[in-house]
Undergrad: 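Supplied in structure tokens, the structure appears directly below.
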Amino acid sequence: MLPQSLAEAEALDRDDPLRRFRDRFALPEGLIYLDGNSLGPLPRATPDRIAEVATREWGERLIRSWNEAGWWEAPVRIGDKIARLIGADDGEVVATDSTSVNLYKLVVAAAALKPGAILIENDNFPTDGYVVQQAARLTGRECRMVSGDALEAAIDDSVSVVVATQVNYRTAARLDIAALEDGAARVGARIVWDLSHSIGAVPLDLPRDGATLAVGCGYKYLNGGPGAPAWLYVARDLQDRLTSPIAGWWGHADPFGFASDYRAAGGIRRFLAGTQPMLSLLALESGVDLFLEAEMAEVWAKSVRLFDLFAARIEATCPELTILSPRDPAKRGSHIALGHPQAYGIVQALIDRGVIGDYRAPDIARFGLTPLTLGHADVWRACETLSTVMREQSWADPRYASRNSVT
Ligand SMILES: *Cc1c(COP(=O)(O)O)cnc(C)c1O
């Protein structure tokens, strides 16, 4: 049963097994943060960790920390931790570079396995399209763009690599990994999954679903900090058959042999390129460590409840807003998208009232439902504020007529 009042929402929060996580984050009092799907909030442990890395590991131990403090191994160590969130094994994930760069590496590497076109959804997050267009140009392949709904049917013999984002960044619509992998396996194509809006949001088991290649973000649901390194996954059987197009010394079989010719390391390390940003990488580890304390099944179950409550309150109090996200939990991620022509002004008016969501062009107000930090009462209050903004038409404030550079 969904709560029917703020008091009932608060009662549900008191029994919430994830409630203890709220205080592990440094969120300002009184703020309702519904943007953890875009920039995850700060884990309380992270500033101390960054200070330790800077003052002791870097400041005092200096270059010795590459060995002593586990810096050199950090990308693979953190990759092993991220692997647990996608059902993968140790040695199948590495934390490194950005999502865009990792996508490029895997698309080009996978294209070498089979001739044919590179296929991508045209409603994907734009960077994925840019990366794929460029990868296609440089490898002499055709780039085909189709809508997410048409993707499955478009995977035929002439396709080499498919790039698919499991959870759509705008609507939260979720693709069926196992079904698409079945189709790809039939024609010998490889799918590179972008799990930026999936990891830490929905339960994942890539080996079970037949997925062999994936990338994803560290700064969204994993709370790794602004610009945190991303990660990439390559199923073990495939690793030594793929060559990264960005050959660098961190991916060399013998990096301290300083040989003049490149020889790729065995295993996941071959997808590293150059020196990793330790301050950011170790901040990401702090976020991932915190996340691993939670039970993913509980996180997802709560996400479903928060979504249902959000959707019910919108239907009850804001009929002029259209719920664009799928209502079936199996078909969506962990945010809710609301359509309205004045979405930009609506989001700005909410931010001015202490409810932070974000705007995605042309007409979407987007709200991340992050179960580690949000309660049912937060959702209730956010929807109350939203209904006030709609009733008072606060979105029409002339201050919202011009847009910020980051929306
Ligand atoms: C957030 C996001 C990215 C971000 O890529 P960066 O290289 O980290 O800027 C890429 N793809 C998708 C689907 C995303 O949601």
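Ligands are counted one by one from 1 in listed order, and the atoms in each one are counted from 1 as well.
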Undergrad: To the nearest 0.5 Å, what is the distance between CZ (F310) and CG (L386)?
TA: 6.0 Å
Undergrad: Less than 6.0 angstrom separating the ring centers of W250 and W66, yes or no?
TA: yes
Undergrad: Do R174 and W300 meet the cation-pi criteria used here (NZ or CZ under 6.0 Å from the six-membered ring centre, within 45° of the axis)?
TA: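 The answer is yes, since R174 meets both limits relative to W300.
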Undergrad: Answer side chain, backbone, both or neither: which part of S100 comes under 4.0 Å from ligand 1, heavy atoms only.
TA: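 Both parts.
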Undergrad: Show which atoms of ligand 1 fall inside a sub-4.0 Å distance from at least one heavy-atom site of H197.
TA: 15 (O)
Undergrad: Quick one: does ligand 1 sit under 4.0 Å from the side chain of D128, the backbone, both or neither, non-hydrogen atoms only?
TA: side chain
Undergrad: Can you name the atoms of ligand 1, numbered from 1 with element, that are less than 4.0 Å from a heavy atom of Y219?
TA: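 Listed by number with element: 1 (C), 4 (C), 5 (O), 6 (P), 8 (O), 9 (O).
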Undergrad: Which residues pass the ring-ring contact (aromatic ring centres under 6.0 Å, His included) test with Y359, not counting sequence neighbours?
TA: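 Per chain and number, Y359 pairs via ring-ring contact (aromatic ring centres under 6.0 Å, His included) with Y344.
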Undergrad: To the closest 0.5 Å, what do you measure between OH (Y169) and OG1 (T171)?
TA: 10.0 Å
Undergrad: Does the N or O separation between K220 and ligand 1 drop below 3.5 Å for any pair?
TA: yes
Undergrad: Out of all atoms in ligand 1, which are within 4.0 Å of some heavy atom of S98? Include the element for each.
TA: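 So the atoms of ligand 1 that pass are 7 (O).
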Undergrad: Among all protein heavy atoms in this structure, tell me which lies nearest to atom 5 (O) of ligand 1, with the distance rounded to 0.1 Å.
TA: T99 CB, 3.6 Å
Undergrad: Could you say whether the N/O atoms of N124 and ligand 1 ever approach to under 3.5 Å?
TA: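 Not met; the criterion fails.
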Undergrad: Can you check whether Y262 and H252 have ring centres sitting under 6.0 Å from each other?
TA: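 Between H252 and Y262, which both carry aromatic rings, the centre distance is below 6.0 Å.
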Undergrad: Does NZ belonging to K331 count more than 12 external heavy atoms closer than 6.0 Å?
TA: no
Undergrad: Check contact between C217 and ligand 1, using heavy atoms of the residue and a distance below 4.0 angstrom.
TA: yes
Undergrad: How does T165 reach ligand 1, by side chain, by backbone, by both or by neither, if only non-hydrogen atoms under 4.0 Å count?
TA: side chain
Undergrad: How far is atom 13 (C) of ligand 1 from the closest protein heavy atom, and which atom is that?
TA: D194 OD2, 3.2 Å
Undergrad: Once rounded to the nearest 0.5 Å, what's the spacing between atom CG of D89 and atom CG of D80?
TA: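 Taking CG in D89 and CG in D80, the distance rounds to 9.0 Å.
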